[in-house]
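See below for the structure under consideration.
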Amino acid sequence: MMVSPLKRQRAALLAGVALSASPSAHSASSLSLTLPLMELDADKATLKSFNAIADKVEHKRTVLIPKYRAMADAFLTSDDTFDNPIFTHVVLWLFDVGEINTFIEWCFVAIDKSLPSPSHIKRDWPTFCADSIFDWAHAHAERGENIEPYFSAVFDKVKGDWRLHEKVAAKWYKLAGLQLLRDDEGKPNVTAVGDVEALKEALSLLTQAHELYDKIGVTDLIKNRIPARINALTDGTNL
């Protein structure tokens, strides 16, 4: 049976995983990162050689994360706060392969350790985490799928701990408000909501979104549609 070049490449890379990923061999506080970073640069170049996104994701899942995860784990559990590209690249790959829970947890660690994000990201960790989870949550919400507990875990940070650009924060408040307005098919539908308190909470969230960034696209909801629905429910009419 013919073995594809991609499979041969993966097999060759995985052949070194046992040594490279040994926690005892790679204590983040004692091992120089010179050689691992040289390997990382080579692996990133290999990753760029794949044209299909699906091949890139599969390579991250089956080769790169298994190869580097133990080194990232060692850094994670240490008290070290130095820039560690091994750890930060694994964080990025975790999102790409759909390990959302671990991605969020490790983003929080990167933020707590004040680590710089990889140079090609062009955003700090709070912004990158907020953007990434927003995109994930928005796509799932539009399909009527559950976005908890991941949405709330990051929204708590957006509301309380992180100083984000107003447009970034506004889209979170907007999505939180729209979540309260979804009908049985998962679509935002004000007239499908019969709970006045839920409508008031949605109105508050969407108003905050508008105050943060007035081009966020909620003007009609907060000025007309939600107040009209609240009035309809409280005065007994049916709109």
Side-chain angles (χ1 to χ4, degrees), residues 10-47 56-137 146-164 172:
R10 286 179 182 152
L13 286 169
L14 284 172
V17 168
L19 176 61
S20 298
S22 169
S24 61
H26 286 288
S27 171
S29 60
S30 62
L31 179 71
S32 168
L33 287 177
T34 301
L35 291 178
L37 288 179
M38 291 174 63
E39 287 192 46
L40 179 64
D41 286 341
D43 286 335
K44 287 161 59 181
T46 298
L47 191 62
K56 292 178 185 287
V57 172
E58 183 65 13
H59 191 68
K60 292 170 185 177
R61 177 183 291 109
T62 60
V63 175
L64 298 181
I65 291 177
K67 179 176 181 179
Y68 290 106
R69 188 158 192 161
M71 283 184 277
D73 278 328
F75 181 78
L76 183 74
T77 57
S78 74
D79 293 327
D80 295 325
T81 58
F82 58 82
D83 181 13
N84 188 318
I86 300 290
F87 175 77
T88 54
H89 276 80
V90 173
V91 177
L92 304 186
W93 298 335
L94 289 170
F95 179 79
D96 293 336
V97 304
E99 292 193 35
I100 303 301
N101 185 61
T102 306
F103 167 77
I104 293 172
E105 290 180 354
W106 288 23
C107 276
F108 291 174
V109 171
I111 294 167
D112 289 343
K113 289 177 178 281
S114 298
L115 300 180
S117 57
S119 58
H120 67 283
I121 295 301
K122 309 300 182 186
R123 287 167 287 175
D124 59 16
W125 277 114
T127 303
F128 180 74
C129 183
D131 282 343
S132 299
I133 297 303
F134 175 85
D135 290 343
W136 175 89
N146 184 30
I147 59 175
E148 296 297 349
Y150 310 125
F151 179 82
S152 291
V154 177
F155 190 37
D156 285 344
K157 298 291 186 179
V158 172
K159 291 185 293 183
D161 297 338
W162 297 345
R163 293 288 293 172
L164 302 172
W172 273 85

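Classified by interplanar angle (parallel below 30°, tilted 30° to 60°, perpendicular above 60°), the ring pair Phe95/Phe103 is tilted.
Legend: residues meeting side chain to side chain contact (heavy atoms under 4.5 Å, CB included) with Val109, ordered by chain and number and at least two apart, are Leu76, Phe87, Lys113. Residues passing the side chain to side chain contact (heavy atoms under 4.5 Å, CB included) test with Arg61, sequence neighbours excluded: Val57, Glu58, Val97.
In this structure, Lys60 and Asp96 approach most closely via the heavy-atom pair NZ-OD2, 2.6 Å. Residues Ala130 and Leu164 share a closest heavy-atom pair of CB-CD1, 4.0 Å. For the pair Trp106 and Val91, the tightest heavy-atom approach, listed with the atom from each and the gap, is CB-CG2, 3.8 Å. Nearest heavy-atom pair across Ala153 and Phe108 is O-CZ, 3.9 Å. The shortest non-hydrogen separation linking Tyr68 to Glu39 is OH-C, 3.2 Å. The two residues Thr88 and Pro118 come nearest to each other via the heavy atoms OG1-CG, 3.8 Å.
Side-chain contact between Lys157 and Ile104: absent, with no pair of heavy atoms (C-beta onward) separated by less than 4.5 Å. Between Trp162 and Val154, the closest side-chain pair of non-hydrogen atoms falls below 4.5 Å. Looking at Asn101 and Tyr150, their side chains come closer than 4.5 Å, going by heavy atoms from C-beta outward. In this structure, Trp93 and His89 have side chains that are in contact, with non-hydrogen atoms separated by less than 4.5 Å. Looking only at side-chain heavy atoms (C-beta outward), Leu94 and Arg69 come within less than 4.5 Å of each other. Between Trp136 and Ile147 the shortest side-chain heavy-atom distance falls below 4.5 Å. Taking 4.5 Å as the limit, some side-chain heavy atom of Leu92 sits within range of a side-chain heavy atom of Phe128. With contacts defined as side-chain heavy-atom distances shorter than 4.5 Å, the pair Thr81/Ser114 does not qualify.
In this structure a side-chain-to-backbone donor-acceptor pair under 3.5 Å is present from Ser117 to Arg123. Between the side chain of Trp172 and the main chain of Val158, no donor-acceptor pair closer than 3.5 Å is present.
Taking CG of Asp124 as the start and CD1 of Ile111 as the end, the distance is 7.5 Å to the nearest 0.5 Å. To the nearest 0.5 Å, the span separating CG on Leu37 from CG on Asp43 amounts to 11.5 Å.
Crowding of Asp161 atom CG: a count of heavy atoms from other residues, nucleotides or ligands under 6.0 Å exceeding 12.
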Subject >> Intermediate values then yes/no, side-chain contact (heavy atoms from CB on, under 4.5 Å), Phe75 and Leu115 >> reply: CA-CA 12 Å; Phe75 181 78; Leu115 300 180; 3.6 Å; yes
